[in-house]
Amino acid sequence: MTLLDNITPLMLAGMILAAVLITITVVIYVRYLRKTADVRKIEKIIREYSEAFERNVILSDGIDGYLFIDYLIPLSGEIIAMNIHKAEGYIFGGENIDLWTQVVGNKSTKFNNPIVDVNLFVQQTSNILKFDGMTACVLFGSKSEFPKGVPEGALPLASLEEYLSTQAEETPATEAANKAWEKLSALLDESRESYNREVG
């Protein structure tokens with residue numbers, strides 16, 4: 001009698017089910033890793049230059065609304081406000097062009113200039129902080145390309161580390177920047193609490 005002879009139909013069904021569940025789990029995990037690869041890379045690079053960064057930022061505009069941004073990065077003498085744009089394929093646009101174009105295969109799609117929102121965030125936040133050392137940029141993921149050049153204010157993921165390194169070198173730390181970040185951090189805590197109360 002072999003080991004297989006001792007396996008009942010019920011045990012066999014259980015083994016098959018377990019194998020199927022393991023396969024499904026592995027597939028989901030691999031897809032998760034691929035889907036979050038850019039985010040993990042982004043945060044790894046940011047941490048090399050700033051441990052104090054904030055993500056998924058909510059900031060009260062001081063009136064009756066809120067400002068949102070993906071990342072705020074204190075870096076030497078400045079604060080970088082950065083949004084992540086998930087457009088893939090070939091990207092065509094410009095800082096002063098209202099509608100940008102995304103081309104994937106034979107399909108072309110228009111989307112609003114993503115730099116506008118980040119610039120607005122920087123403008124309003126600078127006014128709140130009374131600090132003019134803020135910089136705006138929109139980061140595009142690894143699946144996007146700019147065949148006709150990268151517009152001012154846009155940043156490919158492949159250039160993120162070089163960008164942060166250059167900014168750190170060109171903007172020496174200042175007391176004004178430190179005070180602005182301290183004030184901003186306190187405002188972020190207050191804004192998040194207020195926002196959470198309002199949305200329940």
Looking only at non-hydrogen atoms, find the nearest pair between Ser76 and Thr171 and report the distance. CB-O, 2.6 Å
So, Tyr66 and Ser194: side-chain donor and acceptor under 3.5 Å apart, yes or no? yes
Would you mind reporting whether Met82 and Thr135 have side-chain heavy atoms less than 4.5 Å apart? no
Can you give me every donor-acceptor pair (side chain of residues 154-167, partner residue at least two apart or in another chain, under 3.5 Å) with its distance?
unit_1 : atom_1 : unit_2 : atom_2 : d
Thr166 : OG1    : Glu162 : O      : 2.8
Gln167 : NE2    : Glu78  : OE1    : 3.3
Gln167 : NE2    : Glu78  : OE2    : 2.9

Nearest-0.5 Å distance, CG of residue Asp70 to NE2 of residue His85: 10.5 Å
When you look at Tyr90 and Thr101, which way does the side-chain contact (heavy atoms from CB on, under 4.5 Å) test go after all the steps? CA-CA 8 Å; Tyr90 295 119; Thr101 303; over 6 Å; no
Do any N or O atoms from the side chain of Asn113 and from the backbone of Glu95 form a donor-acceptor pair under 3.5 angstrom? yes
Atom CG of Asp189 with >12 non-hydrogen neighbours under 6.0 angstrom: yes
Ignoring hydrogens and geometry, is there a side-chain-to-backbone donor-acceptor pair from Lys183 to Ile128 under 3.5 Å? yes
Exercise answer: donor-acceptor pairs, residues 49-60 side-chain atoms, under 3.5 Å, sequence neighbours excluded:
unit_1 : atom_1 : unit_2 : atom_2 : d
Ser50  : OG     : Pro74  : O      : 2.9
Arg55  : NH1    : Glu43  : OE1    : 3.2
Arg55  : NH1    : Glu43  : OE2    : 3.4
Ser60  : OG     : Gly62  : N      : 3.1

Spatial distance of atom CG (Leu67) from atom OG1 (Thr125) [nearest 0.5 Å]: 5.0 Å
According to a 4.5 Å side-chain heavy-atom criterion applied to Ile, Leu, Val, Met, Phe, Trp and Tyr, with indirect links allowed, do Ile80 and Ile46 form part of one hydrophobic cluster? yes
Spacing of CD1 belonging to Ile115 relative to CD belonging to Glu152, to within rounding of 0.5 Å: 8.0 Å
Phe131 with Leu184, same ILVMFWY side-chain cluster at under 4.5 Å: yes
Nearest heavy-atom neighbours spanning Val122 and Ala136: CG2-CB, 3.5 Å
Please answer whether the main-chain N or O of Gly94 pairs with a side-chain N or O of Trp100 as donor and acceptor at a distance below 3.5 Å. yes
Starting at CD of Glu190, measure out to CG of Leu188 and round the result to the nearest 0.5 Å. 9.5 Å
If two hydrophobic side chains count as joined below 4.5 Å and joins carry through other members, does Leu120 share a cluster with Val138? no
Kindly compute the distance separating OH (Tyr71) from SG (Cys137), expressed to the nearest 0.5 Å. 11.5 Å
Report, as yes or no, whether the 6.0 Å neighbourhood of atom CG on Asp61 holds more than 12 heavy atoms from other residues, nucleotides or ligands. yes
Mind listing the closest non-hydrogen atom pair of Gly93 and Ile97 along with its distance? C-CD1, 4.0 Å
Taking the six-membered ring where the residue is Trp, are the ring centres of Phe146 and Phe140 under 6.0 Å apart? yes
Phe68 and Phe121 have their tightest heavy-atom pair at O-CD1, 3.8 Å
Identify the heavy atoms of Ile69 and Leu72 that sit nearest to each other, and give their distance. CG2-CG, 3.9 Å
Any side-chain heavy atom of Ser144 within less than 4.5 Å of one from Glu88? no
Can you measure from CH2 (Trp181) to CG (Leu129) and round to the nearest 0.5 angstrom? 10.0 Å
